[in-house]
Each structure stands twice: as structure tokens, then as C-alpha cells.
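Quick notes on the structure that follows.
All values reported here derive from a predicted model rather than from experimental measurement. In the text below, chain A, chain B and the rest are named by the order of the sequence lines, each starting its count at 1. Below, all heavy atoms of this structure are taken into account, side chains as well, without hydrogens, waters or symmetry copies.
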There are 2 protein chains.
Amino acid sequence: MPKMQLTQSKITDAALSIAEQQSYEAVTMANIARALSIKPPSLYNHFKNLDEIKQEMALIAQQKLYEALKDKNTLLSLAKKYVDFSISYPGLYTASLRGGTGKTGHAIVQLFANTPVLAGLVEKEKIHAIRGFRSMLHGFIDLQYHEGFKMNVNLEESLVRMVGIFERGLSG
Amino acid sequence: MPKMQLTQSKITDAALSIAEQQSYEAVTMANIARALSIKPPSLYNHFKNLDEIKQEMALIAQQKLYEALKDKNTLLSLAKKYVDFSISYPGLYTASLRGGTGKTGHAIVQLFANTPVLAGLVEKEKIHAIRGFRSMLHGFIDLQYHEGFKMNVNLEESLVRMVGIFERGLSG
DNA sequence: AATAGTAAACTAATACTATTAGTTTTACAA
DNA sequence: TTGTAAAACTAATAGTATTAGTTTACTATT
């Protein structure tokens, strides 16, 4: 009954907390409402629907991913941190995928673009290279995710090798 | 009321049809039951739950993927067919991911392993290379999927370049 | 052929999911 | 102080998977 001044930011904060501590699948209207001690319909006074909440979550999750990556400047260090983020915060990583490539998305792409092996390429080739590298990273993460993180032991070695092959393919 | 001799195979066939013609998300107990003109609870006489149905779907979908790939013997032709399959039958491709790496999964891996650029590598390196290549393919597909197949025009070119980079990184 | 047993369907109910309509309450501003 | 608007609510709908318990239909045996 009290008005508790609910805001969009409080809602997305709650939603991100759930994604981070439980899972992305646990981000439901009921769970968000419970975390805020309100009833689900109240959320519709601030967001059109669950999808809009997830859209907003994606933007913030992308910013957190950017923050984690921003001081890295080689393909390997970016790749390692990228994978590390997706393992440490799977819910946040999943959330980050549900948003298009906005401002933050471009900023992340720029981190890859400014890497030694990529910086020298002509624009067109650079775009394809970045697309390929990100595909590789995301695919690596997603396949691990689907297979339940089985062979964790070789995970880092596989990543290092993959990045090595890609770098050699670019510079050679 | 008639008994209509429902079998596991008829159920998975119906489920795969739904995945193929509608979407993987449309694979629900209600939809499967409707396709078979029965009520949802009847499905539980043949499968423990929806997850087991999806498990079985995964095996069959992997077989269909293998069939589509089996006559290809270069990384590029495999990659093109792989992406083609995922675009032509997104529901089937999604289904194929929900199963671990069983017999068919290994058969698919062998197709990559027998490729000219990979066949010569020592076993350990080969494993990492295959893992990397499949990650790249899957990531490429999944990112397109999440971004809604925006830039379809450059899709093929990006793929060709990616494969080129990877091949050069291996042989160089 | 009658009957027992089993397999496979059913109905009804539970507990979730998102969402909408309509109502009440709270807070703030005139 | 009172009116208005924002923000909460309750109640309901339609969808999801699943379970319990019941009935139907077929099959095999006596």
C-alpha cells in the first residue's frame, strides 16, 4: 500500500540481481515483484512488459561487460576476460545478448578493433575479422553452456589455441 | 477414446514437425498433443516429461544435420552447409543443441577431422582446432539469430572470410 | 467366449507463467 | 482542503508443465 517510489532503475536493478544470483530464466515478473515487495501488475506502471525490462537489462549488462573489458588491449586478454565474465556472471552475459548493437555494443567492438593485430587491417577486412572473432568467442561460451561446462580443465587451453590460430590467420 | 497406438517415434516426429514448421519455442505439450489429436497428459505414458522429448529430438536433429553434411569434405563447404542448415531449419538446429555429444555428434566431429587442413595435425592440436572451428560456426549462427538476421547480404562473405582466416591460421 | 490384467487414453486439479481490466490508495499541488 | 494523477492493488484470463486418479480399450489367458 505505501508508494515506495518505484522507478525503472530499481526494477532493472532487481532484475539484474536475480539474473546474477539465480539465473536469467529466473527473471520473471513474479520474482522481480517479490524482490521489491510488490505485486506483479505494479511493474506495468513502469514498463510496458517483461520484454522491455529485459531490453533495459541488456543495455546495463553490456555496460558491465564493457567495464570488465575496457583495459584489455590484446585479442587474447580480451578473449580471456570475455570468457571469464560469461562464466562468472552467466545470467548477466545472457542478458547482454538480448539487446541489439547500440552505443555500448559499438564500444566493445572498438576494443577489438584497437587491438594490434586488427588495427592495421583495412576497414572492410577488419569488420569481418571482428565478426569472426566475436563469433568464435560467443560460440565457445555457448557450446560450453549447452554442454554443461564438462571439460573445464582444457577450457583455457582451447581458448588460447583458438585465439592463436585466429591471430596467425590474420597476420600471416 | 480409440487407442491409436501412440509411440515414442510418433511423438518425436510430431515434435520435430512443429520445430521445423513453426519454431522450437512452439514445441509444447499442448501443441504436440494437438498435432496428434490427443490430450497432453497422454504424452506422459510415453515420455517422462517434455525434457525427455526434447532430448530425443536432439538426437534425431543431429542425425539430420549429419546427413546434410556427410558428403562435404572441406572446411568451407562444411561451414556453408552448416550455416545453410541452421537458416533453413532453425527449429531443428536449436533442437540439435540440446543433446550432449553422442554417437552422431562424434560422427559430425569426424567430418571436420577428415578435412585436408585438419587431417594432418597431431591429435591434441586437432581437437582444439575442431573445437575452435565449431565454436566459430555456432557463434556466427547464434549471433545472427539474436540480432535477427539483419545484414543478410554480407553473411556469406563474412563466413568465407572467417573460414579463410581460420584455415590460414592452421596451415601457416 | 468370458475375464483378468495392462497399456493408454481420459478428466480434473495444481502451480506456475505473463498480462489486462478495473479499483483503490497515496501523495502532491492548486 | 480538495482534486488529480501516479502507483499501488485485486481479480480475472489464457497460457505453460505436470500429477493424481479414473476409465476405456485391447490382449492374452483360462
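OP1 or OP2 of C:dA9 has at least one side-chain nitrogen or oxygen of B:His46 nearer than 4.0 Å. Between A:Ser42 and D:dC9 there is a side-chain N or O to OP1 or OP2 distance below 4.0 Å.
Qualifying ring pair (Phe, Tyr, Trp, His ring centres under 6.0 Å) partners for A:Tyr66, counting only residues two or more places apart in sequence or in other chains: none. For the salt bridge (Lys or Arg N to Asp or Glu O under 4.0 Å) test, residues two or more places apart in sequence or in another chain that qualify with B:Lys124 are A:Glu157. Every residue was checked against the ring pair (Phe, Tyr, Trp, His ring centres under 6.0 Å) condition with A:Tyr24, not counting sequence neighbours, and none meets it. Partners of B:Lys64 under the salt bridge (Lys or Arg N to Asp or Glu O under 4.0 Å) rule, at least two apart in sequence or in another chain, do not exist in this structure.
Summarising the geometry, atom CG belonging to B:Asn154 is positioned 12.0 Å from atom CG belonging to B:Leu159; distances are rounded to the nearest 0.5 Å.
The nucleotide D:dT30 finds its pairing partner in C:dA1, both defining distances of the Watson-Crick or G-U wobble pair being shorter than 3.5 Å.
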Check the interface with nucleotides 15-18 of chain D: list each N/O to N/O pair with the protein under 3.5 Å, or write none.
| unit_1 | atom_1 | unit_2 | atom_2 | d |
| --- | --- | --- | --- | --- |
| D:dA17 | OP1 | B:Met29 | N | 3.0 |
| D:dA17 | OP2 | B:Met29 | N | 3.3 |
| D:dT18 | OP2 | B:Tyr44 | OH | 2.8 |
| D:dT18 | OP2 | B:Leu50 | N | 3.0 |
| D:dT18 | O5' | B:Tyr44 | OH | 3.2 |

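Remark: P of C:dT19 and CZ of A:Phe47 are 13 Å apart, rounded to the nearest angstrom. Rounded to whole angstrom, the span from the NZ atom of B:Lys39 across to the C1' atom of D:dA20 amounts to 18 Å. Put simply, CD on A:Gln8 is 14 Å from P on D:dA6, counting in whole angstrom units.
Residues of residues 16-23 of chain A that place a heavy atom closer than 4.0 Å to DNA chain C do not occur.
The base of D:dA8 sits with one of its N or O atoms less than 3.5 Å from a complementary donor or acceptor on the side chain of A:Asn45.
Taken together through direct or relayed side-chain contacts under 4.5 Å among Ile, Leu, Val, Met, Phe, Trp and Tyr, B:Phe112 and B:Ile127 form parts of separate hydrophobic clusters. In terms of hydrophobic clustering, with Ile, Leu, Val, Met, Phe, Trp and Tyr side chains grouped at heavy-atom distances under 4.5 Å, B:Leu97 and B:Ile130 are assigned to a common cluster.
Ring-plane geometry between A:Tyr93 and A:Tyr82 is classed as perpendicular, the angle between the planes exceeding 60 degrees on a 0 to 90 degree scale with a lower cut at 30.
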